[in-house]
Amino acid sequence: MQSNRTNRVRRYRARYLLASGQRGRLVIVTSCGCNAAEIAARLLGDDLLRLSVRPAA
């Protein structure tokens with residue numbers, strides 16, 4: 001049975017802080033906020049100190 005719901009793709013804004021002191025923002029497009037956090041963590045690697053992911057307005 002197929003669902004009438006489709007996976008909605010949303011934009012998420014990720015703010016990060018690296019061990020080197022560099023700060024920045026990323027915009028990630030995915031269907032789930034937890035996926036956005038995982039994508040950002042993988043992109044930024046082991047230097048990541050702090051990460052905040054929220055839906056983009």
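Just so you know, these numbers use all the heavy atoms, side chains as well, and skip hydrogens, waters and symmetry mates. Nothing here was measured: the structure is a model prediction, and the numbers come from that model.
- Here the closest non-hydrogen pair linking Arg11 and Ala57 is NH2-O, 3.3 Å.
- Arg10 contributes atom CZ, which lies 10.5 Å from atom OG of Ser31 (distance to the nearest 0.5 angstrom).
- To the nearest 0.5 Å, atoms CZ (Arg25) and CZ (Arg13) are separated by 7.0 Å.
- The distance from the CZ atom of Arg54 to the CZ atom of Arg15 is 8.0 Å, given to the nearest 0.5 Å.
- When hydrophobic residues (I, L, V, M, F, W, Y) are linked wherever their side-chain heavy atoms come within less than 4.5 Å, the members clustered with Leu44 are Tyr12, Tyr16, Leu18, Leu26, Ile28, Ile39, Leu43, Leu48, Leu51, Val53.
- Checked against side-chain contact (heavy atoms from CB on, under 4.5 Å), Cys34 has the following partners two or more places apart in sequence or in another chain: Cys32.
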